[in-house]
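Just below is one structure, and these are the notes that go with it.
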Number of protein chains: 2
Amino acid sequence: MASQEVLQAFVQAATQGSFSAAARKLGRSQSTISAAVASLEIDLNLVLFDRSSRKPSLTPAGHVMLQRAEEILAATSRLEMTASQLSQGVEPKLTVAISDTYQSDRFEAALSAFDQRYPDLELECLIAECDDLVALVQSGRAHVAFAEKQDSYPPDLVSSTVEERTEIALFVAREHPLAALDLVDQDVLQQHRELRLATIVNPYESRAKGRVWSAPSYLMLLEMAQGGFGWAPLPRWLVERFGPGTLQELDVRGWPKPVFVDALWSRLHPPGPAGSWLLGKMLE
Amino acid sequence: MASQEVLQAFVQAATQGSFSAAARKLGRSQSTISAAVASLEIDLNLVLFDRSSRKPSLTPAGHVMLQRAEEILAATSRLEMTASQLSQGVEPKLTVAISDTYQSDRFEAALSAFDQRYPDLELECLIAECDDLVALVQSGRAHVAFAEKQDSYPPDLVSSTVEERTEIALFVAREHPLAALDLVDQDVLQQHRELRLATIVNPYESRAKGRVWSAPSYLMLLEMAQGGFGWAPLPRWLVERFGPGTLQELDVRGWPKPVFVDALWSRLHPPGPAGSWLLGKMLE
DNA sequence: ATGAACTATCGCCTTGATCGATGGTTATTG
DNA sequence: CAATAACCATCGATCAAGGCGATAGTTCAT
């Protein structure tokens with residue numbers, strides 16, 4: 001079986017164009033490289049180098065094998081990279097839960113920086129809202145969450161406000177009766193069905209005052225609103241991104257509301273280096 | 001450095017869920033697997049298995065490392081696969097030159113079968129016509145070619161007709177004067193510019209009788225025709241695929257012409273197993 | 001409690017990676 | 001044309017790592 005040492009010798013010899021140069025580069029003796037290449041050629045039953053001239057050059061078959069060998073070395077270096085990160089305590093998989101209220105260039109930028117910094121780390125993104133986010137972090141299911149700011153959190157959670165805000169406004173379908181009105185009064189609003197966010201963990205918290213349909217995600221609310229089933233508070237970016245032209249914003253006193261975003265994590269299941277790094281990027 | 005044996009031991013132990021089972025599967029002793037996993041854990045400075053219960057189970061970190069290890073083993077098995085093929089004389093890269101006259105389900109099917117049979121073999125497709133195809137095969141630049149059938153070939157080439165034919169018809173742009181005519185006479189045709197195929201190797205072979213623009217590929221001819229620069233003989237499938245609605249077929253005596261396709265290869269640079277296999281698929 | 005199946009560890013052997021030294025080949029240079 | 005500088009192949013010796021068998025300890029089900 002082709003060992004790592006042999007493959008490294010081969011790859012270096014091929015890229016350097018000289019066995020001696022490869023030996024110097026790898027800190028081995030020249031005879032080691034020579035033997036390694038020879039043994040590889042025997043193992044594979046192939047001639048990899050044309051030795052007729054002074055500088056050995058790859059045969060056509062050698063070119064192909066070089067690619068395969070480099071793939072192996074790349075894979076092993078990925079293994080070593082991951083191992084070193086894991087042994088330093090980096091979480092094997094980072095789970096981030098985010099609210100649909102939050103969508104920003106900052107988050108995009110943080111993610112692509114994260115991709116640079118931890119290229120091989122698996123990332124899981126969950127979407128949830130309000131108390132569902134809190135529950136995910138509390139249970140340890142998610143390491144970090146970005147949620148619509150609340151006044152207070154359970155004692156085992158730590159929060160820090162992100163320097164950014166978005167807007168939530170009221171929307172209805174273009175065909176909805178409310179869409180025709182210029183300014184909508186609270187009383188008029190109450191006469192139509194509300195599409196409201198309901199968390200999974202706490203379904204009864206929001207005791208309905210009127211006719212209410214609820215869903216645990218803004219995206220579902222948006223689809224309900226597009227169906228004309230009622231009016232809904234929705235993040236403006238979400239409407240612009242997924243329902244341009246289908247919804248009409250309502251002009252109601254007190255709306256749109258600015259929304260601030262908190263980063264959350266747990267004292268009991270604190271995020272590892274990768275999670276902390278991502279938090280740092282988001283809060284800087 | 002993590003050796004292949006150690007990685008195999010780890011992967012098998014992880015997938016089998018037992019060191020002993022892995023040992024049986026790999027034909028090694030149980031102590032070997034145990035030692036291998038232990039040494040890997042030391043090398044990587046990680047605990048890969050949770051040994052608290054009877055059957056060892058992967059730690060979270062172990063799960064991640066298993067993925068990385070499997071990537072390495074997959075890469076080495078690819079290396080061994082290609083080595084074995086190359087040592088059996090399979091060409092390091094297969095170069096096929098095809099004419100634009102030829103486009104068929106059979107060729108598509110042969111290519112996808114080829115992808116199954118030789119998944120790691122590099123494939124190069126060249127496009128050329130007539131004498132250019134002959135030259136590519138003669139020089140060894142291409143192993144196999146599929147060309148518009150000719151009456152005779154140089155003595156060092158072997159040909160075999162593919163059981164299939166396509167059609168070449170005359171086309172002009174919809175705005176071209178000829179497009180208005182129902183039936184076009186040869187004399188009338190001569191009064192307009194011809195867009196003709198000219199090979200690269202033999203530019204002077206086709207001494208122009210009238211005003212002629214020429215190009216070495218049907219695709220260029222098609223673009224010229226779309227520009228309204230003249231009339232051109234073009235493979236019908238090419239027009240339907242790349243210029244639907246822009247060109248008008250001409251009704252001229254003797255057109256459209258059926259075209260037969262020959263497979264070509266060289267006696268001096270005979271195709272290796274992969275090329276022969278592809279030929280077999282195409283000619284069966 | 002007992003047996004079956006599993007893992008860890010120890011001593012010993014074999015294989016293969018490595019080194020240094022030596023000798024042969026190829027291109028450059030004066 | 002000879003001298004020189006690089007380069008590669010080969011040989012014998014050394015050492016680490018992979019492998020085996022035996023043995024002892026643990027876990028789970030009966």
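Letters go in sequence order (proteins before strands), and every chain restarts at 1. None of these values were measured; they are calculated from a predicted model.
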Residues in residues 65-81 of chain B with a heavy atom under 4.0 Å of DNA chain C, by number, are none

Tell me, which of residues 7-24 of chain A have any heavy atom that sits under 4.0 Å from an atom in DNA chain D? A:Ser18, A:Phe19, A:Ser20, A:Arg24

I'd like to check the salt bridge (Lys or Arg N to Asp or Glu O under 4.0 Å) partners of A:Asp100; sequence neighbours left out, ordered by chain and number. none

Chain B on DNA chain C: first and last contacting nucleotide, 5' to 3', under 4.0 Å to a heavy atom? C:dA5 to C:dT9

Pairwise salt bridge (charged side-chain N to carboxylate O under 4.0 Å, His left out) hits with a residue in residues 48-62 of chain B, at least two apart: B:Glu41-B:Arg51

Fit a plane to each ring of B:Phe49 and B:Phe10, take the angle between them on a 0 to 90° scale, and name the class: parallel (under 30°), tilted (30 to 60°) or perpendicular (over 60°). perpendicular

Contacts of type side-chain hydrogen bond (donor to acceptor under 3.5 Å, both in side chains), residue A:Ser29, not counting sequence neighbours: A:Ser31, A:Thr32

Separation of A:Tyr118 OH from A:Glu91 CD (nearest 0.5 Å): 7.5 Å

Would A:Leu7 and A:Thr76 count as a side chain to side chain contact (heavy atoms under 4.5 Å, CB included) if you check the C-alpha gap in whole Å, the side-chain angles of each, and the deciding distance to 0.1 Å? CA-CA 11 Å; A:Leu7 290 180; A:Thr76 65; over 6 Å; no

Interatomic distance, CG@B:Leu48 vs CE@B:Met65, rounded to 0.5 Å, equals 7.0 Å

Could you check whether atom NE2 of A:His63 has more than 12 heavy atoms from other residues, nucleotides or ligands sitting under 6.0 Å from it? no

Any side-chain donor-acceptor pair under 3.5 Å between B:Asp262 and B:Gln150? no

Salt bridge (charged side-chain N to carboxylate O under 4.0 Å, His left out): pairs with one or both residues in residues 68-80 of chain A, sequence neighbours excluded: A:Arg68-A:Glu71, A:Glu71-B:Arg78, A:Arg78-B:Glu71

To the nearest 10°, give me the bend of the helix from C:dA1-D:dT30 to C:dG30-D:dC1, comparing the axes of its five terminal pairs at either end. 30°

Pairs where residues 8-29 of chain B contributes a residue and the test salt bridge (charged side-chain N to carboxylate O under 4.0 Å, His left out) is met, not counting sequence neighbours: none

Do B:Thr82 and A:Gln67 touch side chain to side chain, with heavy atoms closer than 4.5 Å? no

CE of A:Met1 to CG of B:Leu79: how many Å apart, nearest 0.5 Å? 11.5 Å

Mind checking side-chain hydrogen bond (donor to acceptor under 3.5 Å, both in side chains) for A:Ser266 and listing every partner two or more places apart, or none if nothing turns up? none

In whole angstroms, how far is the C1' atom of D:dA9 from the CG atom of A:Leu48? 16 Å

Nucleotide-resolved protein contact map, nucleotides 18-30 of chain D, B/S/- at heavy-atom distance under 4.0 Å: SSBBB----SS--

Sequence neighbours excluded - salt bridge (charged side-chain N to carboxylate O under 4.0 Å, His left out) pairs with any residue from residues 269-284 of chain A: none

